[in-house]
2 protein chains.
Amino acid sequence: MDDMDRRILHELGQDARTSLAHLAHVSGLAASSVKRRIARLEELGVIKGYTVRLDHHALGLGLQALIGIFAATGTTREQLTDALTGQEEIVRAWTTAGNADALALIRARDTDHLEQIILRLQRTPGIAHTRTQIFLSELLNRGD
Amino acid sequence: MDDMDRRILHELGQDARTSLAHLAHVSGLAASSVKRRIARLEELGVIKGYTVRLDHHALGLGLQALIGIFAATGTTREQLTDALTGQEEIVRAWTTAGNADALALIRARDTDHLEQIILRLQRTPGIAHTRTQIFLSELLNRGD
DNA sequence: AATGAAAACTAATCAGC
DNA sequence: GCTGATTAGTTTTCATT
């Protein structure tokens, strides 16, 4: 991991579909050298993949919320992961050192959809209760 | 926006660097048709861009936290956006209907770095105080 | 590790359906 | 709005430094 790698990663962060020719130009390396570096970063797992950045509002999933998950006593990390992975509306989830045991970031169509998701979570074995915080608008999104 | 568009977006979500030939194969369309659809989705703003998914732990930014921002009275949305955009460690930020006025998702190297970020935010004009919640681990990450 | 050149593949364009 | 053929551009490989 040197400055060249960081530069390549930064460019890919801006546009993951850019050409090796462009990456070669901005880094000053040859295209084949850039390719080797990217292949190494992929092998090392530093690059986990490439994804598209979507306008979820345009796709009808404009509502974002953070749901605090309070696990039932005895629930394992694996059970919690499975319970959350089962809900396709959950985009990201973390265990926390705070109030709730976990926080789940979700995307919903509207408040009716959000309510469905919350009820589904509350009915999920291993989840004792939830606490939902609705996001009004996105101030900043710097990708991954 | 039909099922074909959704299929293409789903595939790009899995691997944004996949070829038109592969997208044509999975959708059953001709490569040129796939290209036209992607171009239209880009023009409409449904596709905002393409980015790389990184292993931030491997890059030395393994600590994630959510910082609740309590704005000073009279602070505008724009001032808050500017204040948060100025901190490069902030990955995402939202205004909320909850306790804090905004929530900022940050990535830090370690707790020392996190403390620096919090102190910087607390010194920022327009921010009255903050409340930090540290994430212990990531249970789920479904990209964007 | 990086380079440059050649070969293989992929994207972009466009006339026709 | 889709197709398939053509051209332009990009990725991949490899011998060399």
Side-chain angles (χ1 to χ4, degrees), chain A residues 1-62 88 91 107 109 141-144, chain B residues 1-62 88 91 107 109 141-144:
Chain A
M1 276 299 307
D2 60 10
D3 278 353
M4 282 303 181
D5 285 332
R6 274 182 279 273
R7 205 158 179 175
I8 290 166
L9 290 177
H10 181 257
E11 284 294 323
L12 288 174
Q14 302 294 112
D15 177 11
R17 280 177 75 90
T18 194
S19 69
L20 294 179
H22 173 249
L23 292 169
H25 180 254
V26 298
S27 67
L29 296 171
S32 51
S33 305
V34 174
K35 198 214 166 320
R36 298 252 263 82
R37 280 171 179 267
I38 291 174
R40 210 191 70 245
L41 292 167
E42 285 172 347
E43 274 158 34
L44 287 170
V46 173
I47 293 176
K48 292 197 289 182
Y50 305 93
T51 195
V52 63
R53 283 159 48 76
L54 298 170
D55 180 342
H56 295 280
H57 214 281
L59 287 164
L61 286 167
E88 60 170 12
V91 178
R107 290 194 191 279
R109 284 187 296 278
N141 184 347
R142 288 207 179 102
D144 183 50
Chain B
M1 274 300 306
D2 60 9
D3 278 352
M4 282 303 179
D5 285 333
R6 274 182 278 273
R7 206 158 177 175
I8 291 166
L9 290 178
H10 181 255
E11 284 293 324
L12 288 174
Q14 303 292 114
D15 178 10
R17 280 178 75 91
T18 195
S19 68
L20 294 180
H22 173 250
L23 293 169
H25 180 254
V26 298
S27 67
L29 297 172
S32 50
S33 304
V34 173
K35 200 220 165 311
R36 300 252 262 78
R37 281 170 179 268
I38 291 174
R40 210 191 69 245
L41 292 167
E42 285 172 347
E43 274 158 33
L44 288 170
V46 173
I47 292 175
K48 294 196 288 181
Y50 305 92
T51 194
V52 64
R53 284 160 46 78
L54 298 171
D55 180 343
H56 296 281
H57 214 282
L59 287 163
L61 285 167
E88 60 170 13
V91 178
R107 289 193 191 279
R109 284 187 296 278
N141 184 348
R142 287 206 179 103
D144 182 49

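Throughout, protein chains are lettered first and strands after them, A, B, ... in sequence-line order, and every chain is numbered starting at 1.
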Return yes if some donor-acceptor pair links the side-chain N/O of B:D144 with the main-chain N/O of A:L54 below 3.5 Å, else return no. yes
Has A:K35 got a side-chain N or O lying under 4.0 Å from the OP1 or OP2 atom of D:dT12? yes
With a 4.0 Å cut-off on heavy atoms, is B:S19 in touch with a base, just the backbone sugar-phosphate, or nothing at all? sugar-phosphate
Going by the rule salt bridge (charged side-chain N to carboxylate O under 4.0 Å, His left out), which residues pair with B:R37 if we only count those two or more places apart in sequence or in a different chain? B:D2, B:D5
In whole Å, I'd like the distance from the CD atom of A:E42 to the C1' atom of D:dT12. 13 Å
Between CG of B:L20 and P of D:dC2 the distance, given in whole Å, is 14 Å
Give a yes-or-no answer on whether the side chains of B:H22 and B:D15 include a donor-acceptor pair shorter than 3.5 Å. no
Interatomic distance, CG@B:L41 vs CZ@B:R36, rounded to 0.5 Å, equals 12.5 Å
Which nucleotide, D:dT3, D:dT13, C:dA2, lies nearest any side-chain atom of B:S32? D:dT3
Expressed in angstrom and rounded to an integer, what is the separation of A:R36 atom CZ from D:dT12 atom C1'? 12 Å
Please determine, for the side chain of B:L29, which listed nucleotide (D:dC2, C:dG4, C:dA11) has the closest atom? D:dC2
Selection from C:dT3, D:dT3, D:dT11 that lies nearest to any side-chain heavy atom of A:S33: C:dT3
Rounding to an integer number of Å, can you tell me how far B:H22 NE2 sits from C:dC9 C1'? 16 Å
Base, sugar-phosphate alone, or nothing: which one does B:R37 contact when heavy atoms must sit under 4.0 Å apart? sugar-phosphate
Separation of C:dA1 P from A:D5 CG (nearest whole Å): 10 Å
Report the distance from atom CD1 of B:I38 to atom P of C:dA11, rounded to the nearest whole Å. 9 Å
Whole-Å distance between C:dA11 C1' and B:I8 CD1? 15 Å
Measure from CG on B:L41 to P on D:dG1 and round the result to the nearest Å. 12 Å
Hey, is the main chain of A:A16 close enough, under 3.5 Å, to the side chain of B:R17 for a donor-acceptor pair? yes
